[in-house]
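Quick one: the structure is below, questions incoming.
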Amino acid sequence: MQEKYPFAEIEARWQKLWDDSACFTADTSRSDKKFYCLTMFPYPSGTMHVGHGRNYIIGDVLARYKKMRGFEVLSPMGWDAFGLPAENAAKDKGIHPKDSTRQNIAHMKRQLRQWGVGYDWNREVDTSDPEYYRWTQWIFLQLHKRGLAYRKCAPVNWCELCTTLANEEVLADGTCDRCGRPVAKRDLDQWFFKITDYAQKLLDDLDLLPKWPEKVRQMQANWIGRSEGARVEFTVSETGDPCPIFTTRPDTIYGVTFLAIAPEHPLVRKLIAGSPRETEVMDFISRQLMVSAAVRSDGATRKEGVFSGFHVRNPFNGENVPLWVTNYVLMEYGTGAVMAVPAHDQRDFEFAREYGIPVKVVIQNEERPLDATVMTEAYVGDGPMVASGPFDGQRNRDAIPGMIRHAAQGGFGDSSVTYRLRDWLISRQRYWGAPIPIVHCGKCGAVPVREEDLPVLLPDDVDFRVERGNPLASHAAFPSAKCPSCGGPGKRETDTLAQWLCSCWYFLRYVSPGRADVPFDREDVNRWLPVDQYIGGVEHAVLHLLYSRFIVKVLHDAGHVGFREPFGALFTQGMICKRSSKDGQLYKMSKSKGNVVSPDELVVEYGADTLRLYTLFIGPPEKDAEWSDQGIEGAVRFLRRLWRKVYDKRQFITGLEAGVPPMDGMEPAVRELHRAVHTAIQQVTFDIEEGFRFNSAIARIMELLNAIDACELGESSSAGTRRVYRNAMETLVVLLSPFAPHISDELWTELGHKAPLMAVPWPEFSPEALARDEIEIAVQVNGKVRGRAVVSADADRETMEKAALSDANVLKFTEGMTVRKVIVVPGKLVNVVAS
RNA sequence: GCCGGAGUGGCGAAAUGGCAUACGCAGCAGACUCAAAAUCUGCCGCCCGCAAGGGCGUGAGGGUUCGAGUCCCUCCUCCGGCACCA
């Protein structure tokens, strides 16, 4: 054994040993005690920084720990390999995406390996591999078969660089999630998945996911955005055209003083054609169409509108109110038309005041009666209804069901639920993706490719230098195809599938990656899924995680899988940030901010175990953390100290009888060490099991080393002392092994055992070892600690009370007072209440 | 505005309603050294005090309790999501 901690040498050696002994190979045919530990697979961008590393290290700790706990662990890794950066690189540098992706994967694989992160590489998937994407295409066909994939011309999100985007890919400020460019609306023919059909299921089944972070469930619920209300049919007074509206506040319907309709609403165009106000209204509409979606849907945008010249009839009271075309009503939500109640809706109020439209109070504020003429804002609270015909006097909230019933009976409305969620746009005008398996035929329309003809292969020989559009579309051969239905000439769909679709089923493929006949083995998948622990970044809360849930639900309904949710438990780790040297601000690591910490260099300088240890010790793993170059020094110091301790003491603790002697008659310091060992086992286990508190677990291990340090060991130590000491060292190494596996395996070997520790059972703590004869208790007077007392561990209340009341400081502080009460907490403290 | 999370030493952070600040970083003092680094030992919340000891202290203010960082109410600040969504 070397005196100095030779991390580089031992890390290389153990990495090779783990590979050679196939420790991470999972036997998926084993069915007892399985644990599917899944870390979100990365886009092969080329290099990973320490923030990425955190993700994989957490997964690796868990996988190793579960193995030690006797689980058959499936911990696979793969590559979300389709995507835009590779295609851009092809454009700029002339490297084929296939080649750059392959290189990047090789480098990242090397990084993972040198961090000591182990996977069952036999199960590696690559979404750009035809053997993989053939099944992505198959999934498309399954949705198509079920009427869940459709093509329509609609205003879609358009990013100059990334082409079409799903709603989930557009940030709240109207920019592209991927590249930050502004997103515009364009009318395009695109493929969509009918995720809205699953809105309610996706919402309801969030209840099946108690082991997901509340935050993520909340984000998904927000995104789905269910709102309950009523649909009420107004009619255009002049023409009789129906004009349905959706409202969550049918109780305010007697207060409607106008109807607001979106500029894009088809009814507007129909009505005003040839009408007296046509020019004025058309002017307004064309002006609105120029405004970006982000500005249109921003609450701060001034409300504008134009009177259409038409009126609508309120079916509840027969009143005719003006129909206004307004900028604040969105065509995409509800019915694109809103019943406007200025008295009780702030937006309607602002608009009404702007255009001199009457305000009519129909719900009274009981605290301060409302006067429509002097109101400065809408009253959105509750109260008794007024001026509401037969509903007068009822509490507004209570009246809603009756009002909806009234509308239903009259045939002009019903209860209704609206979701914010929109259908998922899945086509992209890009080359580096899985081709959509569709052939357009003049006679038969859009015809799906037959399953047995999959995959639709992506040609390699495309010209990336096309200025605009998809290089696939200008390929010489790819677009021409025979119609699978009639055999006539057709045109192959040249759009490719969104990357999100490739990544929303990969966890199924891992279970049976070699199968060429099916996407996954149904039996194995049903046994191994749902994933026991999924680990990844919170940035996927409504993208990947929602899409995956949706696809699994569809596969479930189609009978392909027996479970409804893919991920039983989810852990979202925080980002690692670093102060930018440019402006001193804290940012998540990115090349543009120049604050990237490269793990490659750290591994060379400190070793993988140090990198792992510090990454885990930096803070609670679910929280963002700030990388500190000094912090890593602390981690390496600990490992050096540990190494040195084993080195120094090894001569005293080898060649001894196995096990630990009975504690009776041992000197107190030795018993104390033995107790520290079991305290550590108990606490480290608790910290791992209860919410991934790795930072705290490592602190416990550090405490154990401090306890070992506090215990003297030398030539003169008894055999019993040596055995206890050895057991302390051994236990420390075992507890440390999931976190810092290389040094642990090495020291375990030095201590005379057979590594790897992955195969060694996790230790159990013994309650007897934790027991003490005497304990120190705190003595309080009126809740303030005034002294300490040593009592026997099993001291009864009376003894403790007596010990407390005889404490000199207690006497001092209770002098001249009457003791009212004495609270005794066995094993902890005594509180003397006096006044 | 609605929903969720957080606020504790100089810093990262610990604490099933029971001794606040474990563990680590930084800092200070000392040992080793020609010297430095590394390493080791000790100190390290604020205020008063030579000390013993005392007062204060977990964003603010209330409350429950023998006892609150922890539970309840009100508020402030920060972070995340949703938001002209009818």
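Quick note: numbers below take in every heavy atom, side chains included, and nothing from hydrogens, waters or symmetry partners. The chains referred to below are lettered A, B, ... by the order of the sequence lines, with proteins before strands, and numbering in each begins at 1.
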For this session: Mind calculating the distance between CD (A:E228) and P (B:rA86) to the nearest angstrom?
Result: 12 Å
Exercise. Has the side chain of A:R693 got a donor or acceptor atom that lies under 3.5 Å from a matching backbone atom of A:I688?
Worked result: no
For this session: Measure up the A:F351 and A:Y328 rings against each other and bin them: parallel (under 30°), tilted (30 to 60°), perpendicular (over 60°).
Result: tilted
Exercise. What nucleotide among B:rU39, B:rC40, B:rG81 has an atom nearest to a side-chain atom of A:R640?
Worked result: B:rU39
Exercise. Going by an N to O cut-off under 4.0 Å, is there a salt bridge joining A:R700 and A:D687?
Worked result: yes
Exercise. Of all the choices, B:rG4, B:rC66, B:rA38, which nucleotide is nearest to the side chain of A:V833 once you look at every atom?
Worked result: B:rC66
Problem set entry | Sugar-phosphate only, base, or nothing, as touched by A:N831 at under 4.0 Å among non-hydrogen atoms | base
For this session: Determine the contact category for A:E776: base if any of its heavy atoms lies under 4.0 Å from a base atom, sugar-phosphate if only primed atoms, P, OP1 or OP2 are that close, otherwise nothing.
Result: base
Exercise. Which value, rounded to the nearest 0.5 Å, describes the distance between A:N595 atom CG and A:I576 atom CD1?
Worked result: 12.0 Å
Problem set entry | Whole-Å P distance, B:rG24 and B:rG63 | 40 Å
Problem set entry | Whole-angstrom distance between B:rU41 and B:rA26, as gauged at atom P | 15 Å
For this session: Give A:Q346 one of three labels, base, sugar-phosphate or nothing, depending on what nucleic acid heavy atoms sit under 4.0 Å from its own.
Result: nothing
Seminar exercise, completed: On RNA chain B, more 5' by nearest nucleotide between A:Y419 and A:K623 is A:K623
Problem set entry | Close approaches to RNA chain B from residues 808-825 of chain A, in residue order (heavy atom, under 4.0 Å) | A:N809, A:F813, A:K821, A:I823, A:V825
Exercise. What's the OH-P distance between A:Y606 and B:rA38, to the nearest Å?
Worked result: 11 Å
Seminar exercise, completed: Applying the 3.5 Å cut-off to both distances, the Watson-Crick or G-U partner of B:rC32 turns out to be none
Problem set entry | Nearest-Å distance once atom P is located in both B:rG9 and B:rG5 | 22 Å
Exercise. Counting distance only, does the side-chain N/O of A:N782 pair as donor-acceptor with the main-chain N or O of A:A834 below 3.5 Å?
Worked result: yes
For this session: Could you label the plane-to-plane angle of the A:Y547 and A:W424 rings as parallel, tilted or perpendicular, counting under 30° as parallel and over 60° as perpendicular?
Result: parallel
Problem set entry | Residues from residues 611-620 of chain A lying under 4.0 Å of RNA chain B - heavy atoms | A:F617, A:I618, A:P620
Exercise. Where the side chain of A:S696 is defined as all heavy atoms beyond and including C-beta, which of B:rA14, B:rA38, B:rC25 is the nearest nucleotide?
Worked result: B:rA14
Exercise. With sugar-phosphate meaning primed atoms plus P, OP1 and OP2, does A:R637 contact a base, only sugar-phosphate, or nothing at under 4.0 Å between heavy atoms?
Worked result: sugar-phosphate
Seminar exercise, completed: A:M702 has its side chain closest, among B:rA86, B:rC84, B:rG24, to B:rG24
Problem set entry | Validation row: A:V830, A:I777 side chains within 4.5 angstrom (heavy atoms) | yes
Problem set entry | Nearest-Å distance once atom C1' is located in both B:rG7 and B:rG61 | 16 Å
Exercise. NA contact type, A:S628, heavy-atom cut-off 4.0 Å: base, sugar-phosphate, or nothing?
Worked result: nothing
For this session: Return the nearest nucleotide to the side chain of A:A699; candidates are B:rA15, B:rC23, B:rG4.
Result: B:rC23
Exercise. Could you give the CD-to-C1' distance, from A:E233 to B:rA86, as a whole number of Å?
Worked result: 17 Å
Exercise. Between the base of B:rU16 and the side chain of A:K828, is there a donor-acceptor distance below 3.5 Å?
Worked result: yes
Exercise. Would a 4.5 Å heavy-atom cut-off, applied to side chains only, mark A:K645 and A:I708 as touching?
Worked result: yes
For this session: Specify whether A:Y355 and A:W324 have parallel, tilted or perpendicular ring planes, treating 30° as the upper limit for parallel and 60° as the lower limit for perpendicular.
Result: tilted
Exercise. A:R644 near the nucleic acid: base, sugar-phosphate alone, or nothing, with a heavy-atom cut-off under 4.0 Å?
Worked result: nothing
Problem set entry | Syn or anti conformation of B:rG59, syn meaning chi within 90° of 0 | anti
Problem set entry | For atom CG of A:N695 and atom C1' of B:rA14, their distance in whole Å | 8 Å
Exercise. Going through the distances and angles, do A:Y5 and A:L639 end up as a side-chain contact (heavy atoms from CB on, under 4.5 Å)?
Worked result: CA-CA 8 Å; A:Y5 167 41; A:L639 294 182; 3.6 Å; yes
Exercise. Hey, does A:R231 reach any base, or is it just sugar-phosphate, or nothing, if we go heavy atoms under 4.0 Å?
Worked result: nothing
Exercise. When all nucleic acid strands are considered with a 4.0 Å heavy-atom cut-off, which category describes A:D348: base, sugar-phosphate, or nothing?
Worked result: nothing
Exercise. Taking the C1' atom of each, how far is B:rG27 from B:rC19, in whole Å?
Worked result: 27 Å
Exercise. Which part of the nucleic acid, if any, lies within reach of A:G334 when heavy atoms closer than 4.0 Å are counted: base, sugar-phosphate only, or nothing?
Worked result: nothing
Exercise. Taking N and O atoms by type only, does the side chain of A:N222 place a donor or acceptor under 3.5 Å from a partner on the base of B:rC82?
Worked result: no
Problem set entry | Integer angstrom distance from the P of B:rU21 to that of B:rA15 | 13 Å
Exercise. Below 4.5 Å, heavy atoms only, C-beta onward: do A:T247 and A:V338 meet side chain to side chain?
Worked result: no
Problem set entry | Separation of the C1' atoms in B:rC50 and B:rG57, to the nearest angstrom | 25 Å
Exercise. Can you tell me if CD on A:E798 sees more than 12 non-hydrogen neighbours from other groups inside 6.0 Å?
Worked result: no
Exercise. CD of A:E712: more than 12 outside heavy atoms within 6.0 angstrom?
Worked result: no
Problem set entry | Whole-Å gap separating C1' (B:rG80) and CD (A:Q218) | 11 Å
Exercise. For A:A635 and A:R641, take the nucleotide of RNA chain B holding the closest heavy atom to each; which residue's nucleotide lies nearer the 5' end?
Worked result: A:A635
Exercise. Would you say the side chain of A:E350 lies within less than 4.5 Å of the side chain of A:E377, judging by non-hydrogen atoms?
Worked result: no
Exercise. Under 4.0 Å between a side-chain N or O of A:R302 and OP1 or OP2 of B:rC84?
Worked result: no
Exercise. Would A:R675 and A:E672 satisfy side-chain contact (heavy atoms from CB on, under 4.5 Å), going step by step from the backbone distance to the final call?
Worked result: CA-CA 5 Å; A:R675 189 176 301 118; A:E672 202 54 54; 2.7 Å; yes
For this session: Rounded to the nearest angstrom, tell me the gap between atom CG in A:L206 and atom P in B:rG81.
Result: 18 Å
Exercise. In whole angstroms, how far is the P atom of B:rU39 from the CG atom of A:D709?
Worked result: 13 Å
Seminar exercise, completed: Re B:rC78: Watson-Crick or G-U wobble partner, both distances kept under 3.5 Å, found to be B:rG5
For this session: Can you see which heavy atom on A:A697 is nearest to which on A:V684, and at what distance?
Result: O-CG2, 3.6 Å
Seminar exercise, completed: Whole-Å distance, A:L330 CG to B:rA83 C1', equals 11 Å
Exercise. NA contact type, A:S227, heavy-atom cut-off 4.0 Å: base, sugar-phosphate, or nothing?
Worked result: sugar-phosphate
For this session: Return the residues of residues 781-800 of chain A meeting this criterion: a heavy atom under 4.0 Å from some atom of RNA chain B. Order them by number, or give none.
Result: A:K784, A:V785, A:R786, A:R788
For this session: Among the candidates B:rA22, B:rC84, B:rG18, find the nucleotide nearest to the side-chain atoms of A:L829.
Result: B:rG18
For this session: Return the nucleotide paired to B:rU70: Watson-Crick means purine N1 to pyrimidine N3 with N6-O4 or O6-N4, wobble means G-U with N1-O2 and O6-N3, both under 3.5 Å.
Result: none
For this session: With C1' as the reference atom in both, quote the distance from B:rG49 to B:rC56 in angstrom, rounded to an integer.
Result: 15 Å
